[in-house]
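This one's a predicted model, so the numbers in the text were calculated from it and none came from an experiment. Counting begins at 1 with the first residue of the sequence.
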Amino acid sequence: ADFAPNEAGIAVTWDGEATTIVDVTASATGTWGPQTFVVPTTAALGYHTIAASGATTTTPIINVFTVLTPAIAIDLNTGQRGTRVTVSGTNFAVSETLIVVKWDTTTVVTAFTAAADGSWGPKTFVVPTTASLDAHTVDASGAITTAADVADVTFTVSTPAIAITPTSGPRGTTISV
């Protein structure tokens, strides 16, 4: 009940810009809503001001909405060439299309669509057999979300190794690999 009874001309802004919520009239108790608008796909990550004011309530009533940072996660951070890695994402745009996952600069998972909550996965890729034995970046982007919006995760390609038991013995010793 922050607005005057039956107040007309109530409008909502996003960072000072008009939204689709315009010319709303409050009830006899000064309440209204719910009304909806869609967060712009061009919205920067971080905090945004949502304000409502009307013909009588000229000082805006303000609240804050946070556009969340997109993120990816992988199930393994180290492994050998040929290792299967599972990757998932969160906070991409709602139902975002054309999402791809890259290993360094090479696309390893091709275009797919996020869910209605901006999440996706799990998706699987294989560490390239030509990968060098060091750290590599895994990143993702889509039709709206840029690679710069998403913090890279690191996967380190390790030296192939085998375990043997025992590690020493006389000639004729049976070795388990």
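Between the side chain of T146 and the main chain of D149, a donor-acceptor pair closer than 3.5 Å is present. Side-chain N or O atoms of T19 include one that pairs as donor or acceptor with a backbone N or O of V12 at under 3.5 Å.
Linking ILVMFWY side-chain heavy atoms closer than 4.5 Å, directly or via other members, places L76 and L133 in a single hydrophobic cluster. By the rule that hydrophobic residues join a cluster once side-chain heavy atoms approach within less than 4.5 Å of another member, V157 and V101 end up as members of one cluster.
When the side chain to side chain contact (heavy atoms under 4.5 Å, CB included) test is applied to T90, the partners found at least two apart in sequence or on another chain are A71. For N91, there are no side-chain hydrogen bond (donor to acceptor under 3.5 Å, both in side chains) partners two or more places apart in sequence or in a different chain. D15 is linked by a side-chain hydrogen bond (donor to acceptor under 3.5 Å, both in side chains) to H48, counting only residues two or more places apart in sequence or in another chain. Evaluation of the side chain to side chain contact (heavy atoms under 4.5 Å, CB included) rule for A135 yields T154, T156 as partners, not counting sequence neighbours. Contacts of S119 classified as side-chain hydrogen bond (donor to acceptor under 3.5 Å, both in side chains), with partners at least two apart in sequence or in another chain: D117. Applying the side chain to side chain contact (heavy atoms under 4.5 Å, CB included) rule to I164 yields the partners I162, T167, I175, V177; only residues at least two apart in sequence or on another chain are considered. Here A151 pairs with nothing under the side chain to side chain contact (heavy atoms under 4.5 Å, CB included) rule; sequence neighbours left out. Residues meeting the side-chain hydrogen bond (donor to acceptor under 3.5 Å, both in side chains) test with S141, sequence neighbours left out: none.
Heavy-atom minimum distance, I72 versus V153: O-CG1, 3.6 Å. Counting all heavy atoms, side chain and backbone alike, R81 lies closest to A131 at NE-O, 2.6 Å. P122 and T86 get closest at one heavy-atom pair: CB-CG2, 3.2 Å. The two residues V100 and A111 have their closest heavy-atom pair at CG1-N, 3.8 Å. When all heavy atoms of T113 and I99 are compared, the closest pair comes out as C-CD1, 4.4 Å. Annotation for D139 and D152: closest pair OD2-OD1, 2.7 Å, computed over non-hydrogen atoms.
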Donor-acceptor pairs under 3.5 angstrom involving side-chain atoms of residues 35-43: please list them, not counting sequence neighbours.
none

Side-chain polar contacts of residues 20-27 - donor-acceptor pairs under 3.5 angstrom, sequence neighbours left out - could you list them?
| from | atom 1 | to | atom 2 | distance (Å) |
| --- | --- | --- | --- | --- |
| S27 | OG | T29 | N | 3.2 |
| S27 | OG | T29 | OG1 | 2.9 |
| S27 | OG | T31 | N | 3.3 |
| S27 | OG | T31 | O | 3.2 |
| S27 | OG | T31 | OG1 | 3.0 |

Atom pairs and distances, donor-acceptor, side-chain atoms in residues 49-57, under 3.5 Å, two or more places apart:
| from | atom 1 | to | atom 2 | distance (Å) |
| --- | --- | --- | --- | --- |
| T57 | OG1 | E7 | OE1 | 2.6 |
| T57 | OG1 | E7 | OE2 | 3.3 |

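Side-chain contact between T173 and P166 is present, with at least one heavy-atom pair separated by less than 4.5 Å. Residues V126 and V85 form no side-chain contact, since every pair of their non-hydrogen atoms from C-beta on lies 4.5 Å or further apart. By the 4.5 Å heavy-atom criterion applied to side chains, Y47 and F65 are not counted as neighbours.
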> Are D134 and S132 close enough, and set up right, to give a side-chain hydrogen bond (donor to acceptor under 3.5 Å, both in side chains), and what steps lead you there?
Replying inline: CA-CA 6 Å; D134 57 8; S132 59; 2.6 Å; yes
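For residues 88-110, the set of pairs meeting the ring pair (Phe, Tyr, Trp, His ring centres under 6.0 Å) definition, not counting sequence neighbours, comprises F92-W120, W103-H136, W103-F155.
In this model, a donor atom of one side chain and an acceptor atom of the other lie less than 3.5 Å apart for E96 and T145.
The line from CZ of F112 to CG of L98 is 10.5 Å long, rounded to the nearest 0.5 Å.
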